[in-house]
Amino acid sequence: MRRIAAISFYLSVLCLPTTVMAQNVPGITDSEILIGQTSSYSGPAQIYSVVSKTEIAYFNMINDQGGINGRKVKVLSLDNGYVPAKTVEQTRKLIEQDRVALIFSSIGTPTNIAIRKYLNDNKIPDVFVASGGDMWGDYQHYPWSIGLLPSYRVEATISSGSNSPTRLEGSPM
């Protein structure tokens with residue numbers, strides 16, 4: 001439930017600016033917010049595509065209730081097969097051809113690492129990266145990437161009952 005609230009909050013923040021902003025930001029118009037995503041609809045991690053399908057269903061529900069500040073949310077979700085090279089190709093298509101406003105909740109650590117530099121170099125918001133890798137909190141080097149999940153290492157520490165996570169050399173934590 002907190003995730004749904006966070007998604008709604010972030011997208012509402014996107015919609016607060018005036019029509020002038022809508023005319024200057026790719027993927028945002030007076031009537032629509034176009035967001036992009038890659039997911040593993042095929043390949044070894046296809047079971048996780050249920051997350052993407054659920055997110056799309058949630059945005060459809062929001063649209064059925066009038067959208068966000070009158071704007072409908074359209075999600076372009078492409079299959080990356082959980083292959084980093086294909087993720088780069090699909091993400092570049094979403095940004096350069098489809099002109100999405102942001103990348104939302106793309107699934108997987110290796111796939112997201114493959115697109116992180118490209119998105120940050122181009123100042124494209126990479127929101128709620130669906131990966132438990134430690135690197136998603138490195139806002140100093142990658143300010144346009146915002147992680148969603150707790151790190152796998154922190155989860156393991158919590159489940160093992162240890163009092164504090166061990167800092168790995170080079171990790172942002």
Side-chain angles (χ1 to χ4, degrees), residues 2-4 6-11 13-14 25-29 32-63 68 71-156 168 170-173:
R2 289 190 319 191
R3 181 177 179 174
I4 290 171
I7 292 167
S8 296
F9 171 77
Y10 181 73
L11 289 175
V13 169
L14 271 177
V25 176
I28 299 178
T29 67
E32 182 179 80
I33 302 168
L34 182 61
I35 63 177
Q37 169 184 82
T38 63
S39 188
S40 303
Y41 293 106
S42 64
Q46 67 184 344
I47 187 122
Y48 294 111
S49 69
V50 71
V51 173
S52 300
K53 292 173 186 174
T54 303
E55 291 165 345
I56 292 166
Y58 175 76
F59 287 122
N60 288 337
M61 179 193 73
I62 294 296
N63 290 337
I68 299 172
R71 292 181 171 113
K72 302 293 182 165
V73 179
K74 182 177 178 185
V75 181
L76 296 180
S77 186
L78 304 178
D79 183 18
N80 65 19
Y82 207 67
V83 176
K86 189 170 183 180
T87 303
V88 170
E89 174 188 323
Q90 297 290 39
T91 300
R92 290 181 72 97
K93 178 191 178 305
L94 288 166
I95 300 301
E96 296 169 14
Q97 293 175 24
D98 298 319
R99 311 267 303 146
V100 299
L102 58 105
I103 298 297
F104 176 81
S105 190
S106 289
I107 294 174
T109 302
T111 51
N112 277 291
I113 287 172
I115 60 174
R116 180 173 64 168
K117 184 172 178 0
Y118 168 77
L119 292 173
N120 278 267
D121 285 352
N122 289 288
K123 297 183 170 129
I124 306 296
D126 187 13
V127 182
F128 301 141
V129 174
S131 161
D134 284 329
M135 70 284 304
W136 306 114
D138 187 2
Y139 61 88
Q140 292 171 334
H141 295 102
Y142 300 101
W144 293 89
S145 295
I146 301 167
L148 170 66
L149 306 173
S151 80
Y152 300 131
R153 186 172 46 80
V154 170
E155 282 183 332
L168 298 176
S171 75
M173 210 176 128

[X] side, atom [atom1]; [Y] side, atom [atom2] - distance, nearest 0.5 Å:
X      : Y      : atom1 : atom2 : value
Ser52  : Gln46  : OG    : CD    : 12.5 Å
Arg71  : Ile62  : CZ    : CD1   : 15.0 Å
Ser105 : Leu148 : OG    : CG    : 6.0 Å
Ile103 : Thr91  : CD1   : OG1   : 5.0 Å
Tyr118 : Glu96  : OH    : CD    : 3.5 Å
Lys72  : Asn60  : NZ    : CG    : 10.0 Å

**Study point:** Evaluation steps, side chain to side chain donor-acceptor pair (under 3.5 Å), between Asp79 and Ser39
**Key:** CA-CA 5 Å; Asp79 183 18; Ser39 188; over 6 Å; no
Exercise for review: Tell me, with the steps shown, if Val129 and Arg116 meet side chain to side chain contact (heavy atoms under 4.5 Å, CB included).
Suggested key: CA-CA 10 Å; Val129 174; Arg116 180 173 64 168; over 6 Å; no
Exercise for review: Would you please test Thr111 and Thr38 for side chain to side chain contact (heavy atoms under 4.5 Å, CB included) and show each step?
Suggested key: CA-CA 9 Å; Thr111 51; Thr38 63; 5.6 Å; no
Exercise for review: Going by the side chain to side chain contact (heavy atoms under 4.5 Å, CB included) test, name the single residue among Leu94, Ile146, Ile35, Leu119 that passes it with Leu102.
Suggested key: Ile35
Beyond-backbone contact of [X] with [Y], side-chain heavy atoms, under 4.5 angstrom:
X      : Y      : value
Asp138 : Gln140 : yes
His141 : Asn120 : no
Tyr41  : Lys53  : yes
Phe104 : Ser77  : no
Ile113 : Trp136 : yes
Glu55  : Val75  : no
Asn112 : Ile115 : yes

**Study point:** More than 12 heavy atoms from other groups under 6.0 Å of NZ on Lys74
**Key:** no
**Study point:** More than 12 heavy atoms from other groups under 6.0 Å of OH on Tyr48
**Key:** no
Practice item. Please lay out, stage by stage, how Tyr142 and Asp126 fare under the test side chain to side chain contact (heavy atoms under 4.5 Å, CB included). Key: CA-CA 10 Å; Tyr142 300 101; Asp126 187 13; over 6 Å; no
**Study point:** Closest contact, heavy atoms only, Gly81 versus Pro44
**Key:** O-CD, 3.7 Å
Review point. So which heavy atom on Ser131 is nearest to which on Gly133, and how close?
Key: OG-N, 3.1 Å
Practice item. Measure from the side-chain N and O atoms of Asn63 to the backbone N and O of Val73, and report whether any donor-acceptor pair falls under 3.5 Å. Key: yes
Practice item. Dump the intermediate steps for side chain to side chain contact (heavy atoms under 4.5 Å, CB included) on Asn122 and Ile95, then the final yes or no. Key: CA-CA 10 Å; Asn122 289 288; Ile95 300 301; 5.7 Å; no
